[in-house]
Amino acid sequence: VEFCLKGGYLSKDKEDYSEMSNQELIAIIGYVKDENKESFLKELNSRIPNMSENEKIQYQIRLSGNIIKEEQLQDEN
């Protein structure tokens, strides 16, 4: 298994997000391939109740940033 710059694990099979830390999962929000989104979201959502307050803040910031980026991309098209 290789580690890529964005913090995701690359493999020939499905991604195994269970091996990633909460910080790693938060960092790759918006970078997950469509074919892996279901398993990514399942893992991420299962962790939210047990995240520290700091992790929850980082999660919200990351979500807000990705929403803004998506809106900017739509405006450009």
Side-chain angles (χ1 to χ4, degrees):
V1 176
E2 297 177 25
F3 189 75
C4 82
L5 185 60
K6 293 292 182 193
Y9 292 93
L10 305 175
S11 68
K12 293 180 182 177
D13 299 319
K14 276 191 161 185
E15 301 289 335
D16 184 6
Y17 298 105
S18 67
E19 297 296 322
M20 297 176 75
S21 69
N22 289 346
Q23 292 83 5
E24 290 171 321
L25 289 175
I26 293 166
I28 64 170
I29 292 172
Y31 295 99
V32 177
K33 294 179 182 178
D34 287 341
E35 62 265 20
N36 296 322
K37 281 186 179 176
E38 185 177 343
S39 61
F40 170 75
L41 291 173
K42 182 177 179 181
E43 183 64 33
L44 182 62
N45 288 331
S46 74
R47 300 214 194 166
I48 293 170
N50 297 317
M51 284 183 180
S52 69
E53 285 303 311
N54 185 47
E55 289 171 333
K56 288 178 182 178
I57 291 168
Q58 293 303 313
Y59 171 71
Q60 291 299 323
I61 290 170
R62 189 73 177 161
L63 284 181
S64 298
N66 281 323
I67 291 169
I68 291 168
K69 285 181 197 174
E70 287 179 18
E71 288 174 353
Q72 289 172 343
L73 287 174
Q74 289 174 358
D75 289 343
E76 291 174 3
N77 294 329

Exercise. Residues in ring pair (Phe, Tyr, Trp, His ring centres under 6.0 Å) with Y59, at least two apart?
Worked result: none
For this session: Identify, with sequence neighbours excluded, every residue that meets side chain to side chain contact (heavy atoms under 4.5 Å, CB included) alongside N54.
Result: S52, Q58
Exercise. Does some side-chain heavy atom of M51 sit less than 4.5 Å from a side-chain heavy atom of L44?
Worked result: yes
Problem set entry | Residues in side chain to side chain contact (heavy atoms under 4.5 Å, CB included) contact with Q23, at least two apart in sequence or another chain | S21, E55
Problem set entry | Contacts of K37 that satisfy salt bridge (Lys or Arg N to Asp or Glu O under 4.0 Å) - sequence neighbours left out | D34
For this session: Look up atom CG in L25 and atom CG in N45, then write down how far apart they are to the nearest 0.5 Å.
Result: 10.5 Å
Exercise. Residues two or more places apart in sequence or in another chain: which of them pass side chain to side chain donor-acceptor pair (under 3.5 Å) with E43?
Worked result: R47
Exercise. Listed by chain and number, what are the side chain to side chain donor-acceptor pair (under 3.5 Å) partners of S18, not counting sequence neighbours?
Worked result: D16
Exercise. Quick one: side chain to side chain contact (heavy atoms under 4.5 Å, CB included) partners of K42, sequence neighbours excluded?
Worked result: none
